[in-house]
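Note that this is a predicted model, so its numbers are computed, not measured. All chains are named by letter (A, B, ...) in the order of the sequence lines, taking the proteins before the strands, and each is independently numbered beginning at 1.
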There are 2 protein chains.
Amino acid sequence: MEKQHDRIRIKDIAQLAGVSVGTVDRVLHSRSGVSPASRRKVEEILQQLNYQPNMYASALASNKKYNFACLLPSHSKEDYWDDVESGMFQAVSAFSDFHISLNTFYYDQYEFGSFVETGNRLLESGADGVVLAPTIEEETSRFVGKLRQSDTPYIFIDSNIPRLSPLAFYGQHARKSGYFAARILHLLAQGSREIVLFRQIYEGRLGSNQQLHREEGFYEYMKKHCPDMKMRELNLYVKQPGQDEMLLDEFFRAHPHINCGITFNSKAYLVGEYMLKHGRKDFHLMGYDLLRRNIACLKAGTIDFIIAQQPTVQGYNSIECLCNHLILKKKVKSCNYMPINLIAEDNIDFYFDAHVCEQSTTILS
Amino acid sequence: MEKQHDRIRIKDIAQLAGVSVGTVDRVLHSRSGVSPASRRKVEEILQQLNYQPNMYASALASNKKYNFACLLPSHSKEDYWDDVESGMFQAVSAFSDFHISLNTFYYDQYEFGSFVETGNRLLESGADGVVLAPTIEEETSRFVGKLRQSDTPYIFIDSNIPRLSPLAFYGQHARKSGYFAARILHLLAQGSREIVLFRQIYEGRLGSNQQLHREEGFYEYMKKHCPDMKMRELNLYVKQPGQDEMLLDEFFRAHPHINCGITFNSKAYLVGEYMLKHGRKDFHLMGYDLLRRNIACLKAGTIDFIIAQQPTVQGYNSIECLCNHLILKKKVKSCNYMPINLIAEDNIDFYFDAHVCEQSTTILS
DNA sequence: CGTACCTTTGTGTGCGTACACAGAAAGGAT
DNA sequence: ATCCTTTCTGTGTACGCACACAAAGGTACG
């Protein structure tokens, strides 16, 4: 615990370059008012010494306030998006020393107009950085175009649209995740040659792109490893629970031997609760996302495995990334795939404590 | 990006309490020299306002140097402990603004005297915080006794000895992890009624406690879910590769129908490479830890699944925890189980980017 | 040669906290 | 009342950086 100052300070650089700290500061922030000679000399020494600014002192000195905003599908409590949001607010509180705040904007996922209208409200709020779920490619493209005009960085969460080159993306590699899910379901099938895919249709549309890509990965595995597997699809409609139950009844009456299924959205509990109600313990089910009702099924034994994609972490990391970029001027990683985690009843308890954060690679801006 | 100071500062509290910042500072650090009346008044306001110190300003002001030390089994490159160590150094660099340093001390895992001797050298080095792997309970007890005398916080990594009440523990719940492994291996067995457990004997002893606990969890699952499963154990000896190959030859000659096995240490590659050499693709193998050779087997298809325990994260979090405790005076969580992650070839790419860090719960010291 | 003006450079102050030190108040002994 | 402790409290400086402002140097032109 001895006192010491071994780190290079601006003062040290100034001394070595034979200029004042002010000049060094101007070079570091590439501001005007420095003679070419001085600039060159300072830059030279800067390179030699690999100067790392003390980010605490830096944040302390420039005590600005940063307003972030997020644009998410409107959601209820215990939804996937609720976890994402909670992660973001965790980060806001963790980095509260940087004077950041977060405004939330919600749009109706199934109405294009809503996205546009909400997006405009966000733009008016004057955010310094934005996190959004690019569920609607066309409208997202127009939206980020406006953000670009004001040089506002934006981060994509959950799914990615690389051509719109966001500052960063946090989400799962959906296709590979479906591939992995297939591997596990294949094991669960235990030689059975038939599998059912439960799909959720909402307002006539099949949920998200993520869901589609998971299916792709799933089919890719099956085609490669067991081409003779028969895959049936059953569409459910969420909004009419009575109808869904009828559809399930009907399906299992028609295919009584099928003992294995998967959902590629977060609504596995629809099937899990159905099995629980009908006392079917022999059916093997997989799904996505650790919603409360999914967890209940997992513990009750009607869902075997859940693939988690750490929504909280995605939210947390998005905000952290904005801080790193805007405040600490660190270089951030642009494509961040979340781990594909397989959760059973046995290991679920050790999943929630943890949250992932990106490796910190400090680079001068 | 407007200027603003909405956070409560020491100055604010001083003003409200009608004292000076010096007095508030004394109360905050529970130092002497404050009249009972002043102390009471300050504490009252402190509670009302839920004051959160600006840790950046705090770290900046008290620019002390902290020396940490770790006491690990000696290891080679690409070993499990090497990843732990690398995580620790990542943290040291991430928190370099706090002026921390880390000294490493290695002991021979299989020689009690070595632990004692290395431990004494560590004590002499005058560390402010220690991270150690408590592989030898008896000697660890004596060692932490001495640390306690100087009030030096210590963190257990990999395995835990709760009665020695470390500041924190980072590691996997070994029994549950074995239980989970059994569930997956059970699926892999696909109805086969015989399984082999490969064990590594080293200097006449069976590796670590962790290894034993995993076996316990494994047997617990099997007893519960498939009591008629026949479990064979095959001891290997690591140091004599020729002999191990002979033992494997012998075993598979005696049990040609066994197609499923697991190791509870990080040496699954011994078996995986054997299978590769003999061109056996039908054997299903599981193991622990993502060593380079294990990963190679995973990609070659002779290891089906690996259970990862994020050694890098364990190391990183240990150091982070010491910083939180010593420097930021945050309250730290004492028992931190790592997630139990199942890794296949499909999802391994998304595992390394990520590292877990604990949730930050700022509490006044 | 002086003034105006621009470019370049240096200095000073503040961010919120820690800590050393000085000063004030209170009490006791002479 | 004076002096000396012993509490107790306020002030000042430092931490490393950002930014505003002042000062210095140079050039152009009357």
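- Proximity note for A:Leu60 (side chain, C-beta onward) versus C:dA18, D:dA18, D:dG16: the nearest is D:dG16.
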Verdict with reasoning, B:Glu43 to B:Ser38, per side-chain contact (heavy atoms from CB on, under 4.5 Å): CA-CA 8 Å; B:Glu43 272 170 349; B:Ser38 301; over 6 Å; no

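- Within the structure, salt bridge (Lys or Arg N to Asp or Glu O under 4.0 Å) contacts touching residues 87-100 of chain B (residues at least two apart or in different chains) are A:Arg7-B:Asp97.
- Two rings, from B:Phe115 and B:Tyr107, have their centers less than 6.0 Å apart.
- Checked against a 6.0 Å centroid threshold, the rings of A:Phe98 and B:Tyr56 count as neighbours.
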Interface polar pairs with nucleotides 21-26 of chain D, N/O, under 3.5 angstrom:
none

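- Out of C:dT17, C:dC15, C:dT11, the shortest distance to the side chain of A:Ala61 is found at C:dC15.
- Nearest-nucleotide mapping onto DNA chain D: of B:Ser62 and A:Val21, the residue sitting toward the 5' end is B:Ser62.
- Remark: P of D:dG16 and CG of B:Asp97 are 11 Å apart, rounded to the nearest angstrom.
- Residues passing the ring-ring contact (aromatic ring centres under 6.0 Å, His included) test with A:His75 are A:Tyr106, sequence neighbours excluded.
- Nearest to the side-chain atoms of B:Val19 among the listed nucleotides D:dT9, D:dG10, C:dC19 stands D:dG10.
- Rounded to an integer number of Å, the gap from A:Arg39 CZ to C:dT9 C1' is 13 Å.
- Taking only side-chain nitrogens and oxygens, B:Tyr56 never comes nearer than 4.0 Å to OP1 or OP2 of C:dA18.
- Dashed line: the shortest gap from a side-chain N or O of A:Thr23 to OP1 or OP2 of C:dG10 is under 4.0 Å.
- Rotation axes derived from the C1' atoms of the five outermost pairs at either end of the helix from C:dC1-D:dG30 to C:dT30-D:dA1 lie 80° apart, to the nearest 10°.
- Of the candidates C:dT11, C:dG16, D:dA18, the closest approach to any side-chain atom of B:Asn54 belongs to C:dG16.
- We find that CD1 of A:Ile13 is positioned 13 Å from P of D:dG16, with the value rounded to whole Å.
- The distance from atom NE2 of A:His99 to atom P of C:dC15 is 11 Å, rounded to the nearest whole Å.
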Identify each atom pair where a protein N or O and an N or O of nucleotides 23-28 of chain C are less than 3.5 Å apart, giving names and distance.
none

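- Using a 4.0 Å heavy-atom criterion, one finds that A:Ile10 contacts the sugar-phosphate atoms exclusively.
- A heavy atom closer than 4.0 Å to some atom of DNA chain C occurs in A:Gly33, A:Val34, A:Ser35, these being the qualifying members of residues 29-37 of chain A.
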